[in-house]
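To keep things clear, I will list the structure first and then write my remarks on it.
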Amino acid sequence: MAFPILTAQEAAELINHDDNVGFSGFTASGSPKVVPEALAARAEKLHAEGKPFKINIFTGASTNRWADGALANANAINRRTPYQNTPDLRKRINSHDAHYFDLHLSELAQKFRYGFYGDLDVAILEVAEVMDNGEVVLGTGVGNVPTFVSRAKKVILELNEVLPKTLYGLHDIYLPLDPPERREIPIFKPSDRIGHPTVKIDPEKIVAVVHSKRYDGIKGFTALDDTTLQIGANVCNFLVSELKAGRLPKSFLPIQSGVGNVANAVLFGLGDAEEIPQFEMYTEVIQDAVIELMKMGKCKFGSTCSLTLSDATEAEVLGNLEFFRDKLVCRPSEISNNPEVIRRLGVIAMNTALEADIFGNINSTHVVGTKMMNGIGGSGDFTRNGYLSIFSCPSVTKGGVISNIVPMVSHVDHSEHSVDIIVTEQGVADLRGKDPVQRAYEIINNCAHPAYRPLLLEYLKLGKGGQTPHSLEAAFAFHVAFKESGDMSKVDWSRYGF
């Protein structure tokens with residue numbers, strides 16, 4: 001069947017104000033590029049004419065500067081979920097120009113199929129190949145594509161010429177039945193394949209094929225500094241001690257790692273740790289560090305939702321698929337982040353925090369409790385279901401005026417019930433089997449920066465008794481001091497009556 005070949009501008013005309021639109025991809029990888037950019041230009045034109053134009057965007061995770069970035073800059077986003085990380089969209093969210101609702105990544109597909117968010121008018125997918133029967137080979141990120149194409153009224157395909165047809169076979173597309181008919185998801189090791197290498201689309205839904213030629217545009221992470229390297233070393237030393245103590249099997253367990261410099265430092269540390277055997281990953285994102293570990297032979301296999309690689313590393317992988325083909329599989333986020341599979345495999349969950357409090361609660365999303373940074377992403381999916389849940393962050397930021405260990409987190413994404421281990425460059429706090437006060441001393445003495453330990457110990461003594469001795473009057477004293485003076489260390493307990 002011949003599908004209409006359109007320009008990005010012509011395809012953008014097929015999308016209407018207030019449409020629900022689903023994007024392919026996950027953390028920029030595999031996200032559409034030219035059609036959203038053209039749609040942003042159309043929105044700006046309509047706005048200049050005094051006409052409304054905003055759409056509701058559903059994705060796998062974050063997208064890229066041509067999608068979330070361009071559309072947010074054009075003020076063309078009404079509703080948005082489940083994760084984002086572009087500065088322009090972040091500004092729109094925090095000023096309520098865009099209505100963002102944060103969501104665990106594993107949940108969107110099922111909730112969409114049950115109709116929680118209405119119909120899907122259009123799905124826009126980046127693909128490497130389009131077959132005459134409507135089957136497509138996806139790019140470097142999957143996200144919620146299987147659900148989107150099953151629900152969409154219209155499908156627009158971006159055929160990216162950068163992507164080789166040899167990507168066929170990299171993906172494992174599986175759509176579970178919905179409750180109450182759902183059966184077990186039969187993944188028993190990270191390399192198990194249970195689905196199909198292509199996405200099957202009703203050919204009648206495909207209204208446009210648009211040619212593009214762009215890499216994902218993901219920048220390489222900044223060089224690791226002493227702080228991130230020490231965090232990585234501390235995590236690795238902890239895992240080695242768990243191996244020696246017999247609390248991890250000698251064959252090790254699959255790893256999940258979040259995104260960013262701290263996560264990369266941990267992964268590189270695992271590569272350098274001779275005591276840690278070859279391992280596999282069951283994760284949502286594979287970064288440059290994992291590709292290096294595969295080349296070293298340290299990482300045997302990676303199951304993921306996306307290849308979130310810098311342009312240089314993406315080109316290397318795409319040009320050497322024969323080497324990586326038996327080491328990688330890309331799945332929908334509903335499967336890569338599935339609680340059932342994570343629990344079955346015994347995944348070691350390693351994620352980053354904005355701040356942690358002395359009782360073990362984690363804030364992953366909100367700066368000073370109010371401004372959304374990116375979103376919870378998949379951290380909750382893995383943290384609540386992993387064999388071990390580890391959170392890492394520097395003990396201080398911005399030259400020491402912010403302590404990332406605080407009396408009470410200004411926003412709770414992960415409660416103390418879900419957090420086993422907290423790691424900073426100062427050390428490791430093992431919270432397992434400890435009551436709130438014991439956890440507090442463990443975190444203060446091992447993870448807080450020395451400059452803030454006396455203040456945190458003073459706060460603990462100010463508590464009003466009970467199992468968790470918080471002072472409700474002074475719980476956010478660190479944050480108040482930062483807002484008023486720009487320095488958390490300037491906290492004044494006397495203003496709270498102490």
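- Pairs passing the side-chain hydrogen bond (donor to acceptor under 3.5 Å, both in side chains) check and including a residue from residues 372-382, sequence neighbours excluded, read Arg90-Asn374, Ser106-Asp381, Asn337-Asp381, Ser379-His414.
- Applying the salt bridge (Lys or Arg N to Asp or Glu O under 4.0 Å) definition to pairs two or more places apart or across chains, those involving residues 311-325 are Lys295-Glu316, Glu322-Arg325.
- The shortest heavy-atom contact between Pro164 and Leu321 is CG-CD1, 4.0 Å.
- Within the structure, the ring-ring contact (aromatic ring centres under 6.0 Å, His included) test picks out the following pairs touching residues 346-366 (sequence neighbours left out): Phe359-His470, His366-His411.
- With rounding to the nearest 0.5 Å, the separation of CG in Leu328 from CG in Leu170 is 6.0 Å.
- When atom types are taken as modelled, the side chain of Ser29 and the backbone of Leu307 share a donor-acceptor pair closer than 3.5 angstrom.
- Tyr441 places none of its side-chain heavy atoms less than 4.5 Å from the side chain of Lys434.
- Using modelled atom types, one side-chain atom of Asn234 and one backbone atom of Thr424 make a donor-acceptor pair closer than 3.5 Å.
- In terms of heavy-atom proximity, Asn144 sits nearest to Gly60 at ND2-CA, 3.7 Å.
- Judged purely by atom type and a 3.5 angstrom limit, Asp288 uses its side chain to pair as donor or acceptor with the backbone of Ser310.
- Under a 3.5 Å cut-off, the side chain of Ser389 and the backbone N or O of Ser418 do form a donor-acceptor pair.
- Using a 4.5 Å cut-off on side-chain heavy atoms (C-beta onward), Leu125 and Ile201 make contact.
- With values rounded to the nearest 0.5 angstrom, Tyr83 atom OH is found 11.5 Å from Asp68 atom CG.
- At least one donor-acceptor pair closer than 3.5 Å links the side chain of His171 to the backbone N or O of Gly139.
- Here the OG1 atom belonging to Thr81 is positioned 7.0 Å from the CG atom belonging to Asp102, to the nearest 0.5 angstrom.
- For the side-chain contact (heavy atoms from CB on, under 4.5 Å) test, residues two or more places apart in sequence or in another chain that qualify with Ala72 are Ile77, Asp88, Leu89, Arg92.
- Every side-chain hydrogen bond (donor to acceptor under 3.5 Å, both in side chains) that Lys153 has, sequence neighbours left out, goes to Asp121.
- Under the side-chain contact (heavy atoms from CB on, under 4.5 Å) criterion, Ser403 pairs with Ile405, Tyr452, Phe478, Met488, not counting sequence neighbours.
- Side chain of Tyr387 to main chain of Ile342: no donor-acceptor pair is present (N/O by atom type, distance under 3.5 Å, no hydrogens or angles).
- Here the straight-line distance linking atom CG of Asp357 with atom CD1 of Ile443 works out to 7.0 Å at 0.5 Å rounding.
- Heavy-atom minimum distance, Asn404 versus Val396: ND2-C, 3.6 Å.
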> Could you walk me through whether Leu248 and Ile348 pass the side-chain contact (heavy atoms from CB on, under 4.5 Å) check?
Replying inline: CA-CA 10 Å; Leu248 282 173; Ile348 299 171; 3.9 Å; yes
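- Side-chain atoms of Thr365 do not come within 3.5 Å of backbone N or O of Ile376 as any donor-acceptor pair.
- Glu158 meets the side-chain hydrogen bond (donor to acceptor under 3.5 Å, both in side chains) test with no other residue; sequence neighbours excluded.
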>> Under the criterion side chain to side chain donor-acceptor pair (under 3.5 Å), I'd like the reasoning laid out for Asp216 against Ser31: C-alpha separation, chi angles, the key distance, then a yes or no.
In response: CA-CA 8 Å; Asp216 287 313; Ser31 299; over 6 Å; no
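- Glu340 meets the salt bridge (charged side-chain N to carboxylate O under 4.0 Å, His left out) test with Arg344; sequence neighbours excluded.
- Not one N or O on the side chain of Glu355 forms a donor-acceptor pair closer than 3.5 Å with the backbone of Ser364.
- Here Arg432 does not pair with Asp420 in a salt bridge; the nearest charged N to carboxylate O distance is not below 4.0 Å.
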> Going through the distances and angles, do Arg80 and Thr59 end up as a side chain to side chain donor-acceptor pair (under 3.5 Å)?
Replying inline: CA-CA 8 Å; Arg80 177 73 172 83; Thr59 63; 3.0 Å; yes
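- A distance-only check finds a donor-acceptor pair linking the side chain of Asn20 to the backbone of Asp119 [under 3.5 Å].
- A cation-pi arrangement is present between Lys327 and Phe323, with the terminal nitrogen or guanidinium carbon under 6.0 Å from the aromatic centre and inside a 45° cone about the axis.
- Side-chain atoms of Val149 and Lys205, non-hydrogen and from C-beta on, never get closer than 4.5 Å to each other.
- Leu138 contributes atom CG, which lies 5.0 Å from atom CD1 of Ile173 (distance to the nearest 0.5 angstrom).
- Shown here are the salt bridge (charged side-chain N to carboxylate O under 4.0 Å, His left out) partners of Glu161, two or more places apart in sequence or in another chain: there are none.
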> Can Glu425 and Ser395 be said to form a side chain to side chain donor-acceptor pair (under 3.5 Å), step by step?
Replying inline: CA-CA 7 Å; Glu425 82 285 358; Ser395 63; 2.4 Å; yes
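- Rounded to the nearest 0.5 Å, atoms OH (Tyr215) and NZ (Lys33) are 11.5 Å apart.
- For Asp435, the CG atom sits in a packed shell: over 12 heavy atoms of surrounding residues, nucleotides or ligands are nearer than 6.0 Å.
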Donor-acceptor pairs under 3.5 angstrom involving side-chain atoms of residues 271-278: please list them, not counting sequence neighbours.
| residue | atom | partner | partner atom | Å |
| --- | --- | --- | --- | --- |
| Gln278 | NE2 | Gly297 | O | 2.5 |

> Are Leu267 and Met281 close enough, and set up right, to give a side-chain contact (heavy atoms from CB on, under 4.5 Å), and what steps lead you there?
Replying inline: CA-CA 11 Å; Leu267 291 168; Met281 296 192 71; 4.0 Å; yes
>> Between Leu318 and Leu167, does the side-chain contact (heavy atoms from CB on, under 4.5 Å) criterion hold? Intermediate values first, please.
In response: CA-CA 8 Å; Leu318 295 180; Leu167 276 173; 3.9 Å; yes
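- Legend: residues meeting side-chain contact (heavy atoms from CB on, under 4.5 Å) with Glu416, ordered by chain and number and at least two apart, are Asn361, Arg439.
- Counting heavy atoms from C-beta outward, Arg247 and Leu388 have side chains that stay 4.5 Å or more apart.
- Taking 4.5 Å as the limit, some side-chain heavy atom of Tyr168 sits within range of a side-chain heavy atom of Met131.
- No side-chain heavy atom of Leu309 sits less than 4.5 Å from a side-chain heavy atom of Thr140.
- Residues Lys300 and Glu280 are not paired through a salt bridge, judged by the lack of any N-O separation under 4.0 Å between the basic side chain and the carboxylate.
- Between the side chain of Asn64 and the main chain of Trp66, a donor-acceptor pair closer than 3.5 Å is present.
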>> One pair to check against side-chain contact (heavy atoms from CB on, under 4.5 Å): Phe148 and Val155. What are the steps and the verdict?
In response: CA-CA 9 Å; Phe148 290 163; Val155 176; over 6 Å; no
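- In terms of the ring-ring contact (aromatic ring centres under 6.0 Å, His included) criterion, residue partners of Tyr117 (sequence neighbours excluded) are, by chain and number, Phe58, Phe101.
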>> side chain to side chain donor-acceptor pair (under 3.5 Å) for Arg331 and Ser303? Distances and angles first, verdict last.
In response: CA-CA 7 Å; Arg331 310 183 191 275; Ser303 169; 2.7 Å; yes
